[in-house]
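Shown next, in structure tokens, is the structure this report addresses.
As the structure is a computational prediction, the values presented were derived from the model and not from experiment. Throughout, a chain's letter reflects where its sequence line sits, starting with A, and its residues are numbered from 1.
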Amino acid sequence: MTISTETTSVTEAQGIGASPVRPDGTMKVRGEFAYSSDLWHEDMLWGATLRSPHPYARITGVDIAAALAVPGVYAVLTHADVPGVNRYGLEHPDQPVLAEDVVRYRGEPIALVAADHPETARRALERIEVGYEVLEPVTDSEAAVAGEGPALHPGGNVVRHVPIRRGEQDVTADVVVTGTYEVGMQDQAFLGPESGLAVPAEDGGVDLYVATQWLHVDQQQIVAALGLPPEQVRLTLAGVGGAFGGREDLSMQVHASLLALHTGKPVKMVYNREESFYGHVHRHPARMYYEHGADRDGRLVYVKARIYLDGGAYASSTSAVVGNAATLGVGPYDVPNVTVDCWGTYSNNPPCGAMRGFGAVQAAFGYESQMDRLAEACGLDPVEVRLRNAMSEGTVMPTGQVVDSAAPVEELLTRLRSMPLPEDRSGELDLRRLPGGVSNTTHGEGVVRGVGYAVGIKNICFSEGFDDYSTARVRLEAVGGEPAATVQTAACEVGQGLVTILQQIIRTELGVEQVTILPMDTSIGSAGSSSASRQTYMTGGAVRAAALKVRAALVAHAARTLGHEQAELSVAGGKVVSRHDGVLADLVDVLDGEAFDETVEWRHRPTEALDPETGQGNAHVQYGFAAHRAAVDVDTELGLVKVVALDCVQDVGKALNPQAVLGQIQGGSAQGLGLAVMEEIQTDGGVIRNPSFTDYLIPTVLDMPPMRIEVLELADPHAPYGLRGVGEPPTISSTPAIVAAIRAATGLALDRVPVRPEHLTGT
Amino acid sequence: MRLNVTVNGERRQADDVWEGESLLYVLRERLGLPGSKNACEQGECGSCTVYLDDVPVCSCLVAAGQAEGREVRTVEGLADGDALDPVQQSFVDAGAVQCGFCTPGLVVAAHDLLNRVPDPSDEEIREALAGNLCRCTGYEKILDAVRLAADAR
Ligand code: FES
Ligand code: FES
């Protein structure tokens with residue numbers, strides 16, 4: 001099909017496989033993109049939240065009189081003012097909108113204030129008197145599984161237990177390595193704080209402008225709490241300053257709506273950074289017991305694991321996190337015999353839920369540490385032991401699911417191994433390249449280098465039988481003498497670049513240059529969540545399906561009006577093209593005042609629930625793989641680590657936008673680096689000790705090394721365009737690769753992340 | 001109190017400013033300039049970076065009163081009408097913008113760097129941007145953007 005190449009150039013250059021600039025890029029660099037914290041409304045009030053200072057306490061009384069008396073205060077609300085059901089939650093509605101008689105974590109919302117200035121609201125909060133009977137907090141996940149301690153929720157403290165049983169359960173092996181590993185609680189640390197604006201509407205409902213990952217699941221929970229029908233609670237996506245899972249749960253949505261409905265005025269709420277640490281769920285901290293059995297050649301005979309994930313005070317997405325950690329618990333390896341038990345539990349620690357790569361990140365630190373131990377026990381190179389056990393297409397997962405598309409674990413590793421290593425540090429005098437940097441802590445003395453590898457696996461899209469779909473509407477018409485397409489979905493652009501991808505899909509499928517992405521809101525059906533690396537797959541799939549319907553209708557129309565066979569026609573570069581006769585007509589002339597408008601609800605292939613006894617079932621839609629190699633310099637005297645190289649190979653099936661794919665790999669790898677060497681929410685008896693960017697460190701530009709990246713495009717025949725979800729895999733293998741490199745440099749066992757200086761100096 | 005300040009070349013006035021308000025708050029909430037961002041409001045992230053009399057500062061750490069009678073230039077004041085500043089254009093072209101919440105601060109910081117050091121080395125870029133956190137990009141494309149902008153200027 002070469003007849004019309006010259007007419008397709010623009011739309012091809014802007015279509016899938018290209019890297020056109022983001023439609024929101026210019027507004028973002030000009031400072032004109034309206035984030036959720038930028039919203040403003042005539043006559044608006046500021047909302048603020050009173051939070052529990054105690055991880056676990058009975059509330060003996062709340063007195064709001066003094067707060068209400070503060071001039072400028074318009075409302076002070078407690079749980080008694082919640083008109084609907086005072087419970088919400090992503091998977092289990094177990095969390096009060098405002099606490100009733102008990103608080104289960106430090107930071108739990110108890111009361112709300114609306115006032116004319118944020119400072120007035122803050123002062124009013126100080127005047128709310130709450131009586132507490134402080135209780136001993138429950139903080140240990142294993143104790144919860146053992147049934148110790150008071151039950152924090154009616155069903156006890158185990159949210160979910162997933163057992164996986166595959167093959168022989170009491171098999172033995174010549175080489176056995178064991179390990180206990182811990183992963184600290186990581187924070188998403190998105191930069192845009194939780195915020196939004198609730199505007200009361202004349203119909204008695206509310207219009208809410210908010211930064212979130214899934215408008216419809218927010219809406220469902222809000223209507224239940226407000227006791228309103230869905231049509232009276234309308235959500236529009238405001239600009240989102242990053243998400244990474246931390247916006248899957250509600251934060252200020254119901255609170256601002258309550259205040260707006262109560263006062264009859266628009267209410268804005270913006271968390272500051274400290275409140276943000278209390279205001280969203282975190283990555284589950286984990287304790288993991290692993291035992292790997294192999295033959296003397298390093299071929300795995302069995303893996304046994306017990307994984308404990310602390311879900312904190314409320315369930316959030318703990319169930320799904322447990323499902324992932326269990327089903328992906330042995331990693332991207334072919335293991336004939338598997339015994340995994342994974343638990344997610346309640347405690348009085350901060351609630352944990354979704355964060356990029358959830359469940360898979362924790363498990364990967366365990367199984368990859370084990371693979372290095374196995375390599376050592378067998379006298380093998382760490383890459384070699386992985387190659388000998390690498391899964392591939394056709395491998396049977398521990399769940400019994402047969403992997404039915406590319407699983408290029410071997411290729412990822414061999415490509416990674418052949419990449420050049422960073423130059424030696426010998427003679428390096430630039431302090432900025434040394435551990436400690438310009439703090440001038442070393443000139444190279446006491447600094448050792450190490451290299452480490454890791455590979456990871458992640459399920460893409462929602463799993464375990466969930467009815468996962470996305471809705472998209474595509475409209476094609478002539479606007480101002482040009483063919484123009486409009487795309488409407490409720491899919492949340494959280495920074496990943498979905499808006500660019502959707503434009504690209506339309507350009508490719510409809511040959512139209514001008515594509516408008518409408519604001520995302522609840523006036524159309526759900527798009528599902530911007531999580532689980534699923535949005536290009538799902539909403540990309542839905543938009544493509546809608547575009548194909550539009551194209552079919554358009555081509556049928558063109559065949560009629562132009563007198564050609566439908567089968568020979570297509571659209572490209574703003575023209576209607578015949579396979580035999582080349583360009584037939586301008587699209588805009590064929591449209592001739594007609595509009596083609598199609599809405600579709602699109603689903604990925606169905607998945608199955610896991611068998612509750614054996615964990616068997618085709619639970620996942622697709623698997624994604626990435627591998628990292630890290631090189632580190634470690635100052636062994638001070639315990640400072642400088643990651644000098646972090647290279648990655650990832651299979652993405654098809655890179656719809658190569659620049660955005662690289663951006664995901666770089667950003668995801670950086671978050672993995674953070675977990676490896678610096679990021680942890682430290683808790684003490686349930687209290688967060690470091691709720692600020694002063695004390696919770698995320699990587700800066702000085703911490704991130706240059707990355708070499710190779711992207712494979714091995715099409716998945718089941719997915720739109722063959723694509724494979726991109727966002728999460730790079731976060732998974734980055735962490736264990738860096739820790740492996742630190743182990744190689746220091747010879748230390750290092751069974752916990754983040755690795756802190758004292759772990760390296762032994763002080 | 002009443003605050004008089006020149007912002008992006010225009011003399012502006014804000015009334016009823018509470019003395020605890022930061023310059024960032026006044027810009028965002030009183031002067032209709034929310035381009036400077038509020039990621040931490042504690043001087044750790046650089047998202048609120050503006051020029052105060054030609055020196056880049058974290059506007060969240062500047063009390064509004066300290067800006068009295070002075071000149072402020074924000075990210076909204078960098079473009080020349082429809083024409084983006086080369087630094088802004090490079091951020092778009094290099095793919096250095098994902099969620100973009102760090103972008104205004106980084107654009108101002110990079111703009112300042114290139115004013116001082118027209119052809120910076122990678123080490124100099126890293127050092128100059130070390131006070132600006134970005135959670136999305138892993139910084140690689142931000143470095144690309146600054147290199148691109150240096151070439152373009
Ligand atoms: S908001 Fe000013 S430094 Fe973060
Ligand atoms: S682009 Fe999101 S924080 Fe930098």
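Interface residue A:Leu662: backbone and side-chain heavy atoms are both found under 4.5 Å from chain B. When heavy atoms are compared at a cutoff of 4.5 Å, B:Leu133 approaches chain A by way of both its backbone and its side chain. Only the side chain of B:Glu41 comes within contact range of chain A, judged by heavy atoms closer than 4.5 Å. Contact of A:Thr26 with chain B is made through backbone and side chain together, with heavy-atom distances under 4.5 Å. Of the atoms belonging to B:Ala79, it is side-chain heavy atoms, and not backbone ones, that fall under 4.5 Å from chain A. At a 4.5 Å heavy-atom cutoff, the contact between A:Gln664 and chain B is made by backbone and side-chain atoms alike. Of the two parts of A:Glu119, only the side chain, counted from C-beta on, holds a non-hydrogen atom closer than 4.5 Å to a non-hydrogen atom of chain B. Only the backbone of A:Pro705 comes within contact range of chain B, with heavy atoms under 4.5 Å apart. Heavy atoms closer than 4.5 Å to chain B are found in both the backbone and the side chain of A:Arg30. With a threshold of 4.5 angstrom between heavy atoms, B:Leu106 does not approach chain A through any atom at all.
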Can you give me every donor-acceptor pair (side chain of residues 40-47 of chain A, partner residue at least two apart or in another chain, under 3.5 Å) with its distance?
from    : atom 1 : to       : atom 2 : distance (Å)
A:Asp43 : OD1    : A:Lys265 : NZ     : 3.1
A:Asp43 : OD2    : A:Lys265 : NZ     : 2.9

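Contact count against chain B (heavy-atom pairs under 4.5 Å) is highest for A:Gln188 among A:Gln188, A:Glu274, A:Gln496. Ranked by heavy-atom pairs shorter than 4.5 Å toward chain B, the options A:Asn272, A:Thr694, A:Leu702, A:Leu646 are led by A:Thr694. In terms of heavy-atom pairs under 4.5 angstrom with chain B, the leader among A:Ala660, A:Ser195, A:Pro699, A:Gly25 is A:Pro699. With respect to chain B, the highest number of heavy-atom pairs below 4.5 Å among A:Ala670, A:Ala189, A:Gly497, A:Gly242 belongs to A:Ala189. Taking A:Leu39, A:Asn657, A:Asp38 one by one and counting their heavy-atom pairs under 4.5 Å with chain B, the maximum is reached by A:Asp38. In terms of non-hydrogen atom pairs under 4.5 Å with chain A, the most contact-rich of B:Leu129, B:Leu84, B:Val107 is B:Leu84. Taking chain A as the reference chain and counting heavy-atom pairs below 4.5 Å, the highest number among B:Gly138, B:Cys45, B:Gly20 is found for B:Gly138. The choice from B:Ala96, B:Gly95, B:Ser36, B:Pro104 that makes the most heavy-atom pairs within less than 4.5 Å of chain A is B:Gly95. For the options B:Arg126, B:Glu127, B:Arg135, B:Gln88, heavy-atom pairs under 4.5 Å to chain A are most numerous at B:Arg135. Of the residues considered (B:Cys99, B:Gly35, B:Cys40), B:Cys99 shows the highest number of contacts with chain A, using heavy-atom pairs under 4.5 Å.
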For this session: Decide ring pair (Phe, Tyr, Trp, His ring centres under 6.0 Å) for A:His280 and A:Phe190; before the verdict, give the C-alpha distance in whole Å, the side-chain angles of both, and the deciding distance to 0.1 Å.
Result: CA-CA 11 Å; A:His280 63 257; A:Phe190 44 70; 4.7 Å; yes

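Rounding to the nearest 0.5 Å places CD of A:Gln504 at 7.0 Å from OG of A:Ser19. Atoms CG and CG, on B:Asp85 and B:Leu114 in that order, are 9.0 Å from each other to the nearest 0.5 Å. Once rounded to the nearest 0.5 Å, the distance linking CG of B:Leu27 with CD of B:Glu76 reads 8.0 Å. Interatomic distance, CZ of A:Phe244 versus CD of A:Gln671, reported as 5.0 Å (0.5 Å rounding). Atom CG in B:Asp93 sits 12.0 Å away from atom NZ in B:Lys141 (nearest 0.5 Å).
With salt bridges taken as basic N to acidic carboxylate O contacts below 4.0 Å, one links A:Glu493 and A:Arg22. Classification of B:Arg30 and B:Glu21 as a salt-bridged pair holds, one side-chain N sitting under 4.0 Å from a carboxylate O. For B:Asp122 and B:Arg147, the salt-bridge test passes: some basic side-chain N is under 4.0 Å from an acidic carboxylate O.
Looking only at atom types and distance, the side chain of A:Ser37 has a donor-acceptor partner in the side chain of B:Asn38 under 3.5 Å away. Side-chain contact check for B:Gln98 and B:Thr137: no donor-acceptor pair (N or O, by modelled atom type) lies under 3.5 Å.
Remark: the backbone N or O of B:Arg2 is not paired with any side-chain donor or acceptor of B:Gln13 at under 3.5 angstrom.
Taking the six-membered ring for Trp and thresholds of 30 and 60 degrees, A:His117 and B:Trp18 have ring planes more than 60 degrees apart, a perpendicular arrangement.
Atom CG of B:Asp15 sits in a crowded spot, with more than 12 heavy atoms from other residues, nucleotides or ligands closer than 6.0 Å.
Listed by sequence position, the residues of residues 56-73 of chain B in contact with chain A number zero, using a 4.5 angstrom heavy-atom cutoff.
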